[in-house]
Amino acid sequence: MAVVDTAQKEASSVALPGLGRALMSAGKLTQKSAEEIYKKSQNSRTSFIAELTGSGVVSAADLAHTVSAVFGAPLLDLDAIDPQRLPKDLLDAKICTAYRVVVLSKRNNRLIVATADPTDQEAAEKIKFTTQMGVDWIIAEYDKLNRLVEISTKSTGEAMDTLISAGSDFEFDDVAVEEATESADAATEVEDAPIVKFLHKMLLDAFNMRASDLHFEPYEHQYRVRFRIDGELREIASPPIAIKDKLASRIKVISRLDISEKRVPQDGRMKLKVGPDRVIDFRVSTLPTLFGEKIVIRILDPSSAKLGIDALGYEAAEKERLLTAIGRPYGMILVTGPTGSGKTVSLYTCLNLLNKSGVNIATAEDPSEINLPGVNQVNVNEKAGLTFAVALKSFLRQDPDIIMVGEIRDLETADISIKAAQTGHLVLSTLHTNDAPTTLTRMRNMGIAPFNIASSVILITAQRLARRLCPICKTPADIPHEALVDAGYPEHELDGSWVTYRPVGCSACNNGYKGRLGIYQVMPISEEIQRIILRDGSALEIAEQAKLEGVRSLRDAGLHKAKLGLTSLEEVLAVTNE
């Protein structure tokens, strides 16, 4: 009995903080646990709540809900708070850091303050003394509160340093950016070391993550950076809004754009050296928006055109049709598909195969995206009067063998291209249509005579890019028989000898996908299709005849890729959209 009395006396001698006593009364902590945690906090010179959540005895979420219920204070999820919109200068950053509190708003002569420990009287008195205002507590989860305190109390420079150092394995001193020579004032304006390092990091990260585009987007209270990876935009960073003008100026300087012009869109280019013999081109586009200039940077990797036709994902029959067409001495080859479907890479892959010393190749693009030595590339300049049509007329006086037109946009360009194809030149170009058969009717709608189409076009390739399943984590998908039939698989193929796969996600991929592969509809213009064109037949008639000749539709080509386990059925349905 004496031993028990002694233990009780020792226990009662420990002056537990108010939070500990509140948790004991709520049944979340035993007295012994509370005292042990309190002693550890005293020894390590940390707060009771930090030791409590760190020990794992009570989770931050459970603690917040308990405290809110015990003290009758409102509970707030701080993930819903935009750090950029928090009131500034109402409370000294040192007090916020020391007591782990964040001022959310001000109402009359009272501050609304987020805390995880409303029993901290020292914090309340310090805030009252410093601000001469009352305090109303809002309960928040301790881990989320810590993150918000760190973000809200950092200066712009500190926040930039954190963004730059987080997960960075790059040595920026070895990175050489080709820069324009600007005035001393302009150089001074943008030579801000954190901005320079941040931009270099974003460009290198995008290249290493196989992104196709970088988006720098300013909003009223937020600035975000997104990468397009495997066709999907992902938010990568959220730097301070204060850097938007300096970052835009920095990008403009190295892209040879006018940094003083912020009212109209501008287009430029820049280069980044990523190795002793590897240079990546970037195409830059600026756009004035409500809250600053949005900048999109397209990554143009010249090596993508030299991967070879096998890397593009053509099936054997499709590849043979394409190689036969580009081996012809004259005629027109059209590549169709929406923006971002890989048309330019397909065209340059063909040009790379045709690029020999005995051949004269000329291209007109808006703008030229991939630099290919041995090919005479011209950038269209509408303002200066250098249109596709003007460039094509000049090409025909330059003794060309092969002509590539970036896009057929109007009747004049189409007419000149067709005449070139009819007079002994091989012409390659693109059109924005949904599939190969509708390309012919689209040309008819532009005003091109049927006999000109039938006598010049020799092959049309429609294409899409689908995300490739990660080979490491993909798993068989249990898809009902009816769903496979509805998707387009014929009954005789559903014999159980193959399975479709679905994405899972792992550390080596992006939500179950890694890279992209092409889905192609390669349609040679046969004599029978020429007859349909000459009698002004519809796209449906052309599609039916192409199917009889063994040409897969885009949906069928995609279903075949899913059958091979290269992509998922849902991805095929999304990109073919029939």
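Just so it is clear, the model here is predicted, and its values are computed rather than measured.
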### Query
Going by atom types alone, do T438 and D435 pair a side-chain donor with an acceptor below 3.5 Å?
yes
### Query
Does the side chain of E365 pick up a donor-acceptor pair with the side chain of T363 at under 3.5 Å?
yes
### Side-chain donor-acceptor contact under 3.5 Å, T115 with D117
no
### Query
What distance do K514 atom NZ and C506 atom SG have between them, rounded to the nearest 0.5 Å?
8.0 Å
### Task
Can you run down the side-chain hydrogen bond (donor to acceptor under 3.5 Å, both in side chains) pairs that involve residues 130-139, sequence neighbours left out, and say none if there aren't any?
R110-D136
### Query
What closest approach, in Å, do L145 and A116 show between heavy atoms, and which atom pair accounts for it?
CD2-N, 3.6 Å
### Message
I'd like to know if R468 and D230 make a salt bridge, using a cut-off of under 4.0 Å between side-chain N and carboxylate O.
### Response
no
### Query
Would S568 and Y513 count as having a side-chain donor-acceptor pair, cut-off 3.5 Å?
yes
### Task
Would you please indicate if the ring centroids of F291 and Y219 are separated by under 6.0 Å?
no
### Message
Checking Q463 against S346: is there a side-chain donor and acceptor pair closer than 3.5 Å?
### Response
yes
### Lys/Arg N to Asp/Glu carboxylate O, K262 vs E293, below 4.0 Å
no
### Query
Roughly how far, to the nearest 0.5 Å, is the CG atom of L465 from the CG atom of L312?
9.5 Å
### Query
Checking K474 against Y501: charged group under 6.0 Å from the ring centre and within 45 degrees of the axis?
yes
